[in-house]
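One structure is given here, and the rest of the page talks about it.
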Amino acid sequence: MLEGETVHQEVRQWFRETARELPWRGDCPPWGVLVSEIMLQQTPVVRVRPIWEEWMARWPSPAALAAAPPAEVLRAWGRLGYPRRALRLHAAAAQIVERHDGAVPDTFDELLALPGIGTYTGAAVAAFAFGRRETVVDTNIRRVHARLVIGQALPSPSLTAAEMALAAELLPEDPAESVEWNAGVMELGALVCTARSPKCGLCPVVEQCAWIAAGQPEPAYVPKGQPWAGTDRQVRGAVMAVLRAADSPVQAELLWSPAVELTADASHTGHPGEVAAALDRLHGLNTHAPQLQRALSGLVGDGLAQLSEAGYHLPH
DNA sequence: GACCCGTGGGA
DNA sequence: TTCCCAAGGGT
């Protein structure tokens, strides 16, 4: 077992000296923290940052976002990926207005009840926006714990109760210290204790690391990849790119067939060049009909797109 | 628990 | 170039 006090002190000092200055850290309203946490789900900081800045300027409160049309929210989401996060964030904003008088709730349970907020995000917002003592466990923290305490190269494929128990055990009693510990371990995982080629030479707790002590054993399993080429997700992404670029409904025929593409552009205001380019990319996939149908139905079913007589478009 | 959901930068 | 994977959540 590790020497708790030393590890906590080393991580705290390292964090204060090394941490990135991120706009949603420090003096940031809870709404900004919430938006950042949703955007950061499975998405790197460098890509979130500019979009987050735009959102804060455009929708500085839950009420502001709740009043925006879903289509505008999806367009503003840009290419962050997993666009249903944008829809859920929009729905969360509406719920905050309706049930919490427009103020981001400050407890884990209330946050967890909002759409798009799970155990990680609920704990993270409660901790980082409101200074609460919460067991925050994300992919970075899981990996650091796996190496530092357990001595394994990677955490288990899915989050286990044992990991939550360990994280709770390691959490400092003092709320302020617990917040900094959570942020510090997360930052350590993001900058030093990375998934591939960790920078152990820069690690403040390398002396206490069980994985180093064990001789840096290989992972006990092979992480399963995320297939992409030829999947429905790829097709959905290509369709979404078309709809984001188009300000008006896109004729279904244009999505199905490159043959009628030449007659298309004039019907779309805004960014006809981008619409044409996105259509080219979709057609370049040579998607089979059942797959495109599945993708379109899926997008409509998820509320990301609507189908009218004029064609497919982002939801009003 | 297994599976699905986007995107792009870096190794 | 191909592969990995990133502050997860919902079903």
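The chains referred to below are lettered A, B, ... by the order of the sequence lines, with proteins before strands, and numbering in each begins at 1.
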**Item:** Interatomic distance where CG belongs to Leu191(A) and P belongs to dC5(C) [whole Å]
**Value:**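 Rounding to the nearest Å, CG of Leu191(A) and P of dC5(C) are 17 Å apart.
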**Request:** Could you check whether Arg294(A) gets within reach of a base, just the sugar-phosphate, or nothing at all, counting any heavy atom under 4.0 Å?
**Result:** nothing
**Asked** How would you label the contact of Leu89(A) with the nucleic acid (heavy atoms, under 4.0 Å): base, sugar-phosphate, or nothing?
**Response** nothing
Considering only side-chain heavy atoms of [X], which listed nucleotide, [options], is closest?
X         : options                 : result
Leu304(A) : dC4(C), dA7(C), dG6(B)  : dG6(B)
Ala195(A) : dA6(C), dG10(C), dG8(C) : dA6(C)
Thr121(A) : dG6(B), dG8(C), dC5(B)  : dG8(C)
Arg84(A)  : dG9(C), dA7(C), dG9(B)  : dG9(C)
Gln42(A)  : dT7(B), dA6(C), dG9(B)  : dA6(C)
Tyr82(A)  : dC5(C), dA7(C), dG8(C)  : dG8(C)

**Request:** Please lay out, stage by stage, how Phe108(A) and Leu111(A) fare under the test side chain to side chain contact (heavy atoms under 4.5 Å, CB included).
**Result:** CA-CA 5 Å; Phe108(A) 174 80; Leu111(A) 288 161; 5.6 Å; no
**Prompt:** Mapping Thr160(A) and Asp232(A) onto DNA chain B by nearest heavy atom, which one lands closer to the 5' end?
**Reply:** Thr160(A)
**Request:** Specify the residue among Ala238(A) and Ser197(A) whose closest nucleotide of DNA chain B lies further upstream toward the 5′ end.
**Result:**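 Checking each residue's closest nucleotide, the 5'-ward one belongs to Ala238(A).
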**Message:** It should be established whether Arg79(A) places a side-chain nitrogen or oxygen under 4.0 Å from OP1 or OP2 of nucleotide dG8(B).
**Reply:**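 So the side chain of Arg79(A) is within the cut-off, an N or O lying under 4.0 Å from OP1 or OP2 of dG8(B).
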**Message:** Please check if the number of heavy atoms outside His288(A) that lie under 6.0 Å from its NE2 is greater than 12.
**Reply:**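 Counting other residues, nucleotides and ligands, NE2 of His288(A) stays at 12 neighbours or fewer.
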**Asked** Parallel, tilted or perpendicular: which fits the ring planes of Trp77(A) and Trp55(A), with parallel below 30° and perpendicular above 60°?
**Response** perpendicular
**Request:** Tell me yes or no: between the side chains of Ser156(A) and Glu163(A), is some donor less than 3.5 Å from an acceptor?
**Result:** yes
